[in-house]
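One structure is given below, encoded as structure tokens.
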There are 2 protein chains.
Amino acid sequence: MNEVRPRTRIQRRNTGAILEAALAVFAAQGFRGATLDQIAEAAGLSKPNLLYYFPSKEAIHLDLLTGLLDLWLDPLRALDPEGEPVAEILAYVRRKLELSRDFPLESRLFANEVLQGAPRLAGVIAGELRDLVEAKAAVIRRWAEAGRIRPVHPQHLIFSIWALTQHYADFEVQVRLVLGAGEPDPFPAAEAHLEALFTRLLAP
Amino acid sequence: MNEVRPRTRIQRRNTGAILEAALAVFAAQGFRGATLDQIAEAAGLSKPNLLYYFPSKEAIHLDLLTGLLDLWLDPLRALDPEGEPVAEILAYVRRKLELSRDFPLESRLFANEVLQGAPRLAGVIAGELRDLVEAKAAVIRRWAEAGRIRPVHPQHLIFSIWALTQHYADFEVQVRLVLGAGEPDPFPAAEAHLEALFTRLLAP
DNA sequence: GCGATGTTTGACCGGATGGTCAGGATGACG
DNA sequence: CGTCATCCTGACCATCCGGTCAAACATCGC
């Protein structure tokens, strides 16, 4: 079911090239829109050679999605219940925005999956992710009850952070086109804006 | 290049059914992932009959996108420079959230297009949309300079509104899975959350 | 240098997909 | 009821797509 276990130098190089190429293609076209030919060409391999390393298109996609999950959830896991509430949440926002800046393809891969109804990630979202959100929402609720942040709906606060940060990766084209050529890198201004937004929302 | 101009009763009914069916399929699968067979079946027509009303798959997609634009831009157009600033922006947020609740397929169609690099909408985004945003950003900037709202980066404020409201349509599956079966309709809580968020951000 | 193991490819397959076309069915209208 | 325009369909086509396979080629340990 999985690809060839990378044991030789060549295997490591080629599976790496395939996953990198596939990430770009799946992120831009979605699963159904992507073709093995596109991936093979981007990876610099022939299509049969692709299928020597991975048993199917589906397997490549799944490999990317599962590999993505830790990267995606770690910033929320790092939210420290013992830390200073506003600073903790702002740090989470900053980490998530950095992810959008440094891994936009991963963000768009995830966005495509969820847009298409999360056929492959529904289980993880309803399980692992839901549990993690619930746990961190409880932390936020306690902070609010202790008066250390203003009262907020914890889950919707987390949704807001996801929406606002991932927007800069998923809708990057729109952001750049609307801002125009004047400002080439929107991220510094975005960071300042989001910091102000969450500070004013949360600081008691 | 366009479909048959709807002049008869049958034409109106069938072009309508086709566009409705195509909206659902394109929103769920993206342009490349959607097939004419899926659309035809959802519309209750045969594939050749589909192509009697529209010259190509591309034409259906384009028709949907262009028809979508007014729906999409009207809420921002309605932002009144003469109104009370905070109330105006909150009303814009509410209108945009209503759009996400009532037209999630349209939102996902748009999201797919932008995710894929906006190949068909780049012109409109860099033109019409950019101009509109620029004009409304100027209004917001004037409000800030007059001290009627707190200082904000106008464009990024608008991006925030888009991100936060569209998130509830584009990532609807994720929102529902994370909240769990307990709360079936996330929109009332979302509205309250967003109202608090933007009030605290903007109210002087 | 040689056999074993690992890697690559051209040729091919069955099914899906966007699209065409000739002709038949079904209206609208006098 | 006749006729003309509109509407619909089965059969078909070329191309694309995911995937297979046997055979050629490279690499490595000895």
Side-chain angles (χ1 to χ4, degrees), chain A residues 1-65 112-113 116 119-120, chain B residues 1-65 112-113 116 119-120:
Chain A
M1 194 169 301
N2 262 347
E3 80 277 20
V4 175
R5 287 259 160 249
R7 287 159 59 252
T8 76
R9 208 177 345 125
I10 296 178
Q11 278 170 19
R12 232 186 317 276
R13 169 167 49 89
N14 282 351
T15 54
I18 291 169
L19 288 173
E20 195 186 324
L23 173 61
V25 176
F26 283 133
Q29 311 270 8
F31 178 74
R32 294 213 25 156
T35 74
L36 288 180
D37 285 294
Q38 288 175 292
I39 298 172
E41 199 197 327
L45 298 173
S46 67
K47 187 172 59 169
N49 203 8
L50 246 188
L51 292 162
Y52 170 75
Y53 289 99
F54 290 85
S56 67
K57 179 183 174 183
E58 178 88 32
I60 305 176
H61 192 239
L62 216 61
D63 222 63
L64 283 172
L65 283 181
N112 260 305
E113 168 70 8
Q116 268 135 55
R120 291 155 244 269
Chain B
M1 193 171 302
N2 261 347
E3 80 277 21
V4 175
R5 286 262 158 246
R7 287 159 60 251
T8 76
R9 206 179 345 124
I10 298 177
Q11 278 170 20
R12 234 187 315 277
R13 168 167 50 87
N14 283 349
T15 55
I18 291 169
L19 288 173
E20 194 185 326
L23 173 61
V25 176
F26 283 132
Q29 312 270 7
F31 178 74
R32 294 215 24 158
T35 75
L36 288 179
D37 285 294
Q38 287 174 292
I39 298 172
E41 198 198 327
L45 300 173
S46 68
K47 189 171 59 167
N49 203 8
L50 244 185
L51 292 162
Y52 171 74
Y53 289 99
F54 290 86
S56 67
K57 180 183 174 182
E58 177 86 33
I60 305 176
H61 192 239
L62 215 62
D63 222 64
L64 282 172
L65 284 181
N112 260 305
E113 168 69 8
Q116 269 135 52
R120 292 156 242 268

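All chains are named by letter (A, B, ...) in the order of the sequence lines, taking the proteins before the strands, and each is independently numbered beginning at 1. Because the structure is predicted, anything quoted here is derived from the model rather than measured.
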Given dT9(C), dA11(D), dT8(C), identify the nucleotide with an atom nearest to the side chain of Pro48(B).
dA11(D)
From CZ of Arg12(B) across to P of dA28(C) the rounded distance in Å is 12 Å
Roughly how many Å is it from CD1 in Ile18(A) to P in dG19(D), rounded to a whole number?
13 Å
Tell me whether the side-chain N/O atoms of Gln11(A) come closer than 4.0 Å to OP1 or OP2 in dG6(C).
no
When you get a sec, tell me which of dT7(C), dT9(D), dG19(C) is the closest nucleotide to the side chain of Ile10(A)?
dT7(C)
Side chains of Arg13(B) and Ile10(B): does their closest heavy-atom pair fall under 4.5 Å?
yes
Counting only side-chain nitrogens and oxygens, does Ser56(A) get under 4.0 Å of the OP1 or OP2 atom of dG18(D)?
no
Indicate, yes or no, whether a donor-acceptor pair under 3.5 Å links the base of dG19(C) to the side chain of Lys57(B).
no
Would a 4.5 Å heavy-atom cut-off, applied to side chains only, mark Asn14(B) and Leu50(B) as touching?
no
May I have the distance from Arg13(B) (atom CZ) to dT6(D) (atom P), rounded to whole angstrom?
16 Å
Return the value, rounded to whole Å, for the distance between atom CD of Glu41(B) and atom C1' of dA16(C).
15 Å
Rounded off to whole Å, could you give me the CG-to-P distance for the Asp37(A) and dG18(D) pair?
7 Å
Counting just side-chain N and O atoms, does Thr8(A) come under 4.0 Å of either OP1 or OP2 of dT7(C)?
yes
Under 3.5 Å, which donor-acceptor pairs link side chains of residues 37-48 of chain B to any protein atom two or more places apart or in another chain?
residue	atom	partner	partner atom	Å
Gln38(B)	OE1	Thr35(B)	N	3.0
Gln38(B)	OE1	Thr35(B)	OG1	3.3
Ser46(B)	OG	Asn49(B)	N	3.3

For a quick check of understanding: with a heavy-atom distance under 4.0 Å over all strands, which category does Ala34(B) fall into, base, sugar-phosphate or nothing?
sugar-phosphate
How long is the line joining CG of Leu51(A) and P of dA11(C), in whole Å?
18 Å
Taking 4.0 Å as the cut-off, does a side-chain nitrogen or oxygen of Asn14(B) come that near to OP1 or OP2 on dT6(D)?
no
With a non-hydrogen cut-off below 4.0 angstrom, is Leu36(B) in contact with a base, only sugar-phosphate, or nothing?
sugar-phosphate
Can you tell me how far C1' of dC13(D) sits from NZ of Lys47(B), to the nearest Å?
11 Å
Can a side chain N or O of Tyr52(B) be found less than 4.0 Å away from OP1 or OP2 on dC8(D)?
no
Take the protein atom OH of Tyr53(A) and the nucleotide atom P of dG19(D), then report the distance between them rounded to whole Å.
18 Å
For Gln29(A) and Asn112(A), run side-chain contact (heavy atoms from CB on, under 4.5 Å): C-alpha distance rounded to whole Å, both residues' side-chain angles, the deciding distance at 0.1 Å, then the answer.
CA-CA 8 Å; Gln29(A) 311 270 8; Asn112(A) 260 305; over 6 Å; no
Can you tell me how the ring of Phe26(A) sits relative to the ring of Phe31(A), calling it parallel under 30°, perpendicular over 60° and tilted otherwise?
parallel
Check this one for me: any side-chain N or O of Asn49(A) less than 4.0 Å away from OP1 or OP2 of dT7(C)?
no
Heavy atoms only, 4.0 Å cut-off, all strands: where does Arg32(B) land among base, sugar-phosphate and nothing?
sugar-phosphate
Using a cut-off of less than 4.0 Å, is there contact between a side-chain N or O of Arg9(B) and OP1 or OP2 of dG27(C)?
no
When you compare the side chain of Asp63(B) with that of Thr15(B), does any pair of heavy atoms fall below 4.5 Å?
no
